[in-house]
Amino acid sequence: MEDAYRLFQQLPDDLKEEVLDYIKFLMERNARRRRSPMKFGWRGGLKELREKYTSVELQHRVLEWWG
């Protein structure tokens, strides 16, 4: 941390502002990630393929489809 502070102090003022803006952006992004619970909207989306493929076969087919 001391190295980072030392390097920061050597920057010109306009670049210091950019660094501070980027730090704020990272903090906001991290906060959003922690706030939003995982969504399972896709759950059951492939149930019609349940009888046709095993989970491993389906993984392989998805890779082919994404090709």
Side-chain angles (χ1 to χ4, degrees):
M1 290 304 285
E2 290 176 21
D3 287 340
Y5 181 73
R6 184 177 46 77
L7 291 171
F8 178 80
Q9 290 300 104
Q10 294 174 15
L11 290 172
D13 288 342
D14 59 325
L15 292 181
K16 285 179 184 176
E17 286 296 321
E18 281 191 52
V19 170
L20 292 175
D21 287 343
Y22 186 64
I23 290 171
K24 290 174 188 174
F25 162 75
L26 291 174
M27 292 174 70
E28 290 171 6
R29 186 179 71 179
N30 187 49
R32 280 193 306 269
R33 285 182 182 167
R34 290 180 183 206
R35 272 184 280 178
S36 60
M38 184 177 277
K39 297 177 178 87
F40 292 100
W42 50 266
R43 190 171 138 189
L46 300 174
K47 64 184 172 187
E48 68 275 1
L49 301 176
R50 185 181 307 163
E51 301 299 322
K52 192 172 181 180
Y53 302 105
T54 66
S55 61
V56 173
E57 290 170 332
L58 189 54
Q59 289 173 12
H60 289 282
R61 294 291 287 181
V62 167
L63 289 174
E64 290 173 17
W65 295 333
W66 281 356

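Because only heavy atoms are used, hydrogens play no part in the values below, and waters and symmetry mates are left out as well, while side chains stay in.
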Practice prompt. Quick one: do Leu26 and Arg29 satisfy side chain to side chain contact (heavy atoms under 4.5 Å, CB included)? Show the steps, please.
Written response: CA-CA 5 Å; Leu26 291 174; Arg29 186 179 71 179; 3.5 Å; yes

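- Within a 6.0 Å sphere centred on CZ of Arg6, other residues, nucleotides and ligands contribute more than 12 heavy atoms.
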Ignoring hydrogens and angles, write down the donor-acceptor pairs under 3.5 Å from the side chains of residues 15-24, residues two or more places apart or on other chains.
none

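- For residues 44-53, the set of pairs meeting the salt bridge (Lys or Arg N to Asp or Glu O under 4.0 Å) definition, not counting sequence neighbours, is empty.
- In this structure, Glu28 contributes its side chain and Phe25 its backbone to no donor-acceptor pair below 3.5 Å.
- Screening Met1, Glu2, Gln9 for a side-chain contact (heavy atoms from CB on, under 4.5 Å) with Tyr5, the sole residue that qualifies is Gln9.
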